[in-house]
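Okay, so here's the structure we're looking at.
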Amino acid sequence: MIIILKPNPAPKQLESLKEWIKKMGLDIHVSAGAHSTILGLVGDTSVVDIDLISAMEIVEKVQRIQEPYKAANRKFHPNDTIIQFGNVKIGGGHFAMIAGPCSVESRAQIMEVAEKVQQAGAGALRGGAFKPRTSPYAFQGLEADGIRLLLDAKKQTGLPIVTEIMDLSQLHLFDEVDVIQVGARNMQNFLLLKELGKTKKPILLKRGFSNTIQEFLMSAEYIMSGGNPNVILCERGIRTIETATRNTLDLSAIPVVKELSHLPIIVDPSHATGHAKYVKPMSLAAVVSGADGLMIEVHNDPPCALCDGQQSITPEAFAQLAKGVEIMRESMAKEQAI
């Protein structure tokens, strides 16, 4: 349920209304815009007397929300959410490039990649310390040592770091991590999502490869309902009948999500396609589709990578991709200005 207030509501009346709502056991999300203020009510709103609230002097309109996700709903929060970590902003017209290897393999590797992607224009460094792999015999990551190497790369370059958590038992290792990534396999790990909702760190939530957009937003809702509004959505491809690519990149999810939610959404074309040669065209297509950022796998020696080398591009290829993205965004800005 949302309560749309009239312009410039009297402060005392507004506080009285909020206190009354809280006494009913409901949480309130306040969205103050330039022309109106919206109170989003979360909880069992069946106890709310709509006619009584509608009759209040400061209330313009009361509306029930049919969608099961509330905090992530654009009706609750009409303006785009902007999420910042370090000097990076994502959403609300801000675009960010996150780049780095699928997995942290060594100090030399992560330092070289970090320096080169920074020079090419990346705003943040990604790298897997814990790696969920289909095979138990595949490289599983350097774990805690991997996070330490990422933090060393952050000190050297100033780039904020993004890395994936796999289990609640690992959370204490992420104190200095800038953005905690929840991978596709954990999108519906609700216990983990609830715990991440108690933090204030930005959470990069990847869409599960067999999940609908509504299920995707409901997973974001789990984090936000715990008190953490800092969720970045990531489209990384879904599983279809097609086998020419690793997954099928659902670019239509970008405008759909932007219509339904205020949360920023970025695209991971590396996992979506599974082939380095397709990363650039899909990155440019994501920009045109309205993505708020890209997350690209970059490795200094892809043929020798311990994880997903076939979908990793070189630092030189990333530099070319970044230039293409910049040109595309400038062209789009000029077109919108006409």
Side-chain angles (χ1 to χ4, degrees), residues 98-110 112-113 125-150 153 161-174 177 179-193 195-196 203-211 215-216 219 234-250 266-279 282 295-314 317-318:
I98 303 170
C102 177
S103 62
V104 180
E105 300 170 2
S106 68
R107 177 178 295 277
Q109 173 238 21
I110 194 61
E112 180 181 348
V113 173
L125 175 67
R126 62 145 293 155
F130 297 91
K131 293 304 302 176
R133 305 298 299 277
T134 301
S135 170
Y137 308 112
F139 177 61
Q140 305 289 312
L142 298 179
E143 301 183 343
D145 288 338
I147 290 182
R148 281 192 284 270
L149 290 176
L150 283 168
I161 58 174
V162 182
T163 193
E164 181 176 352
I165 190 170
M166 289 176 55
D167 188 80
L168 275 176
S169 63
Q170 302 162 354
L171 189 55
H172 67 284
L173 298 171
F174 286 71
V177 171
V179 180
I180 300 176
Q181 176 182 315
V182 175
R185 293 174 176 84
N186 267 323
M187 191 205 85
Q188 290 187 305
N189 183 340
F190 300 125
L191 289 177
L192 176 60
L193 299 181
E195 201 64 29
L196 294 176
I203 308 299
L204 194 154
L205 178 66
K206 284 197 164 187
R207 181 183 180 184
F209 36 72
S210 298
N211 290 107
E215 290 168 339
F216 191 19
S219 289
C234 181
E235 169 58 45
R236 45 80 70 206
I238 54 177
R239 183 168 290 170
T240 68
I241 60 170
E242 187 53 69
T243 58
T245 54
R246 181 173 180 175
N247 296 284
T248 298
L249 180 55
D250 184 10
I266 68 171
V267 169
D268 175 354
S270 302
H271 277 92
T273 65
H275 297 279
K277 61 184 176 182
Y278 301 139
V279 170
M282 288 298 94
M295 186 156 74
I296 310 292
E297 289 195 358
V298 180
H299 196 285
N300 55 334
D301 187 9
C304 296
L306 298 180
C307 178
D308 289 344
Q310 72 281 1
Q311 67 192 35
S312 300
I313 63 175
T314 64
F318 175 73

Has the side chain of [X] got a donor or acceptor atom that lies under 3.5 Å from a matching backbone atom of [Y]?
| X | Y | value |
| --- | --- | --- |
| Asn211 | Phe216 | no |
| Ser312 | Pro302 | no |
| Gln311 | Gly309 | no |
| Asp268 | His271 | yes |
| Gln109 | Ser103 | yes |
| Arg126 | Glu297 | no |

With respect to Ile98, which candidate in Leu125, Leu204, Ile296 satisfies the side chain to side chain contact (heavy atoms under 4.5 Å, CB included) definition?
-> Leu204
Can you sort out the partners of Glu143 under side-chain hydrogen bond (donor to acceptor under 3.5 Å, both in side chains), two or more places apart, ordered by chain and number?
->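 Result, side-chain hydrogen bond (donor to acceptor under 3.5 Å, both in side chains) vs Glu143: none returned.
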Given Asp250, Thr245, Thr248, the one that forms side-chain hydrogen bond (donor to acceptor under 3.5 Å, both in side chains) with Thr240 |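 Result: among Asp250, Thr245, Thr248, Thr248 is the only option passing the side-chain hydrogen bond (donor to acceptor under 3.5 Å, both in side chains) with Thr240.
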Atom of [X], atom of [Y] and distance for their closest heavy-atom approach:
| X | Y | answer |
| --- | --- | --- |
| Arg239 | Ser210 | CB-OG, 4.3 Å |
| Gly208 | Met187 | N-SD, 3.1 Å |
| Ser106 | Leu149 | C-CD1, 3.9 Å |
| Met166 | Asn189 | O-ND2, 4.4 Å |
| Met282 | Pro269 | CB-CB, 3.9 Å |
| Pro101 | Val113 | CD-CG1, 3.8 Å |

Would you give the length of the straight line joining atom [atom1] of [X] to atom [atom2] of [Y], rounded to the nearest 0.5 angstrom?
| X | Y | atom1 | atom2 | answer |
| --- | --- | --- | --- | --- |
| Leu196 | Leu168 | CG | CG | 7.0 Å |
| Thr163 | Phe130 | OG1 | CZ | 8.0 Å |
| Lys206 | Arg185 | NZ | CZ | 10.0 Å |
| Arg236 | Phe209 | CZ | CZ | 6.5 Å |
| Gln181 | Leu205 | CD | CG | 9.5 Å |
| Ser270 | Asn247 | OG | CG | 11.5 Å |

Side chain to side chain contact (heavy atoms under 4.5 Å, CB included) between Arg133 and Cys307: does it pass, once the steps are laid out?
-> CA-CA 9 Å; Arg133 305 298 299 277; Cys307 178; 3.8 Å; yes
Among side-chain atoms of Gln170 and Asp167, is any donor-acceptor pair under 3.5 angstrom?
->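 Judged by distance alone, the side chains do not pair up.
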Should Cys102 and His299 count as side-chain neighbours, where that means a heavy-atom distance under 4.5 Å?
-> no
Can Ile180 and Leu171 be said to form a side chain to side chain contact (heavy atoms under 4.5 Å, CB included), step by step?
-> CA-CA 9 Å; Ile180 300 176; Leu171 189 55; 4.1 Å; yes
